[in-house]
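Let me begin by presenting the structure, written as structure tokens, before commenting on it.
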Amino acid sequence: MVFSTYDETLEWIHGTLRLGIKPGLSRMEKMLELLGNPETKTKWIHIAGTNGKGSTLTLMRSILELEGYRIGTFTSPYIERFNERIAVNNVPVSDERIIELANRVFPIVEEVAKTDLGPPSEFEIITTMMFLNFAEYDEIDFGLIEVGLGGRLDSTNVLTPLISVITTIGLDHMEFLGNSIEEIAFEKGGIIKKGVPVVSGTTQPSVCKVLKEIANKNLTTIDFYGQSFESKKIAKNKFTFHNQNQEFIDLKVSLNGDHQIQNASVAIQALLVLKQTNILSLSNAAIYKGLSTAFWPGRFETIQGTPNFILDGAHNPEGIQALVHNIQYEKDITLLISILGDKDYETMLRSLKEIKNIQLYLTTFDYPRALTFEEVEKIAKQFSIHAVPNWKEFIEQKKEEQLHHTIYVTGSLYFISEIRQFLLAHNSASN
């Protein structure tokens, strides 16, 4: 045994972050081969996309759990604790399991590092731990797997799923995925496998064309939102859904924001496709209740208090556009945002500044890819917004002012994670 405590285990895992993002599947394939190919021993649903991956996964998980299935999930990033990334029926694996998995994987990582393939990255290590967990430790009926970055060369793309889901596609991670939305679509479409059906929430004609071509080459079908299936909003968080064979009236989705109606529709269609092929059972009751009770922290989540805070991890231009759509008609908006340095902050801030009566505050936080405060000051001056040197002091000041309107917090999900923990701890101390 190499690791005996949880802290030293995480120190090793996170210490490999310095190796950065290393696209390609060769290291994953070698590690999994040395472990007996655990990725082949579970039934998978694979989910890619620029935005909506986590929400769609959550909605599918909630429905399948209510149908009585035992569901494993692999998500990123985590909001409260690292263990959330590998969970069964929304219960994260234990600290002891993380230690055990790391001890199983460590010698494999060392062996691969000595080859021409080079040392595996943090995400590759975590992904390998996940595959091993669901193959040998936690028996599940289905695993819902969220792509980390892109699709074609993502560490998770060593699996062959029952169905591939591609939520939305936008201009994000362009340094890795390409300079046009069509190039990014090609990378996301890399999760499409021969004979495996595809469901997608993408609506842009050029993107649909790219994905359709990939599906045709793989001799499989692809269902697009707005074509094979669609939804119609009838009230806040309520909608109707129909495809060529079925209709659901007066559905309610617990996740806030109009974009969640589209995510819910993608989730429903993907599960209906699996039902049609007799891979799983699916009752109408599970669909209705699963959508209405699903919970995903940090996605338009309200933290009650004085003032109330709404946290939304809108970490790219498309996510910000969805946020703007949902709040643009509210009065006197106060919004705190922190953006990673490699994101398109100019487009994001321009979109937010289109909202009337918005007080916009830009800050930073302790994370390697976060903007420095010098950069925050420069950007704030450029856009005539407020620079916040310390977000904790900002929140404490707003609480002292006893404001009775909502404060929005958005940007990086890593930032949202820190804010959320701070607010919940603050509320707990106050009670």
Side-chain angles (χ1 to χ4, degrees), residues 3 6-17 19-22 28 31-32 35 38-39 42 44-49 52-62 65 70-106 109 120-138 140 142-151 154-159 161 165 167 294-299 301 313 315 367-369 412-418 420-421:
F3 308 110
Y6 179 72
D7 287 342
E8 67 178 348
T9 303
L10 288 194
E11 186 177 351
W12 170 64
I13 293 171
H14 293 325
T16 59
L17 180 63
L19 298 172
I21 297 170
K22 304 172 71 175
M28 280 298 303
M31 285 193 291
L32 293 171
L35 287 167
E39 80 284 3
T42 304
W44 306 109
I45 296 171
H46 205 190
I47 306 171
K53 295 189 298 293
S55 297
T56 303
L57 179 148
T58 296
L59 294 164
M60 295 177 75
R61 173 188 57 74
S62 182
E65 284 178 20
R70 184 172 168 84
I71 304 300
T73 53
F74 182 58
T75 57
S76 60
Y78 61 90
I79 296 296
E80 292 180 347
R81 298 193 76 232
F82 172 82
N83 305 37
E84 295 168 26
R85 301 187 70 167
I86 306 172
V88 178
N89 284 10
N90 208 30
V91 177
V93 296
S94 66
D95 294 356
E96 292 73 22
R97 178 64 53 75
I98 293 294
I99 297 170
E100 191 170 4
L101 291 170
N103 278 312
R104 287 284 305 278
V105 170
F106 179 81
V109 170
S121 68
E122 179 191 43
F123 190 71
E124 289 171 332
I125 291 168
I126 298 168
T127 305
T128 303
M129 290 169 60
M130 175 272 297
F131 282 130
L132 184 61
N133 181 70
F134 292 139
E136 298 186 17
Y137 295 89
D138 267 320
I140 57 175
F142 302 100
L144 306 184
I145 305 301
E146 182 183 330
V147 166
L149 175 65
D154 184 75
S155 302
T156 63
N157 204 30
V158 291
L159 58 82
V165 178
T167 55
F295 174 68
W296 189 232
R299 275 71 170 184
E301 177 189 9
H315 55 282
Y367 188 72
R369 289 161 55 202
S412 164
L413 279 166
Y414 298 100
F415 177 57
I416 294 298
S417 173
E418 290 199 17
R420 188 176 190 274
Q421 292 178 53

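What you see below is based on every heavy atom in this structure, not just the backbone, and it leaves out hydrogens, waters and symmetry mates.
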Working to the nearest 0.5 angstrom, can you tell me the gap between [X] [atom1] and [Y] [atom2]?
| X | Y | atom1 | atom2 | answer |
| --- | --- | --- | --- | --- |
| L101 | L132 | CG | CG | 5.5 Å |
| F74 | M129 | CZ | CE | 9.5 Å |
| H14 | I126 | NE2 | CD1 | 7.0 Å |
| T127 | I86 | OG1 | CD1 | 8.5 Å |
| I145 | T73 | CD1 | OG1 | 7.5 Å |
| E100 | F3 | CD | CZ | 13.5 Å |

Next item on the list: Tell me, with the steps shown, if E65 and N90 meet side chain to side chain contact (heavy atoms under 4.5 Å, CB included).
Entry: CA-CA 9 Å; E65 284 178 20; N90 208 30; 4.3 Å; yes
What's the shortest heavy-atom distance between [X] and [Y], and which atoms?
| X | Y | result |
| --- | --- | --- |
| S76 | G148 | OG-CA, 4.5 Å |
| K53 | I47 | CD-O, 3.8 Å |
| G298 | R420 | N-NE, 4.5 Å |
| T42 | I140 | CG2-CD1, 3.6 Å |
| E80 | E84 | N-OE2, 2.6 Å |
| F82 | I98 | CE2-CD1, 3.8 Å |

Backbone N or O of [Y] within a donor-acceptor pair of the [X] side chain at under 3.5 Å?
| X | Y | result |
| --- | --- | --- |
| T58 | G54 | yes |
| R299 | P297 | yes |
| W44 | E39 | yes |
| N103 | I99 | yes |

With the side chain counted from C-beta on, respond yes when [X] and [Y] share a heavy-atom pair under 4.5 Å apart, and no when they do not.
| X | Y | value |
| --- | --- | --- |
| R61 | W296 | no |
| Y137 | V93 | no |
| P38 | L32 | yes |

Next item on the list: Classify the angle between the aromatic ring planes of Y414 and Y367 as parallel (below 30°), tilted (30 to 60°) or perpendicular (above 60°).
Entry: parallel
Notebook entry, point to check: Are F142 and M60 close enough, and set up right, to give a side chain to side chain contact (heavy atoms under 4.5 Å, CB included), and what steps lead you there?
Noted result: CA-CA 11 Å; F142 302 100; M60 295 177 75; over 6 Å; no
Notebook entry, point to check: What residue among T156, N157, T167 forms side chain to side chain contact (heavy atoms under 4.5 Å, CB included) with V147?
Noted result: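 Going through T156, N157, T167 one by one, the side chain to side chain contact (heavy atoms under 4.5 Å, CB included) with V147 is satisfied by T156 alone.
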Item checked: Residues W12, V109; criterion side chain to side chain contact (heavy atoms under 4.5 Å, CB included); working and verdict -> CA-CA 11 Å; W12 170 64; V109 170; 4.1 Å; yes
Notebook entry, point to check: So with a 6.0 Å cut-off around CD of E8, is the heavy-atom count from everything else above 12?
Noted result: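 Yes, CD of E8 has more than 12 neighbouring heavy atoms, counting only those of other groups under 6.0 Å.
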Next item on the list: Show the numbers, then the answer: is there a side chain to side chain contact (heavy atoms under 4.5 Å, CB included) between D138 and R70?
Entry: CA-CA 10 Å; D138 267 320; R70 184 172 168 84; 3.3 Å; yes
Check: Any chance the side chains of E124 and T128 put a donor and an acceptor closer than 3.5 Å?
Finding: no
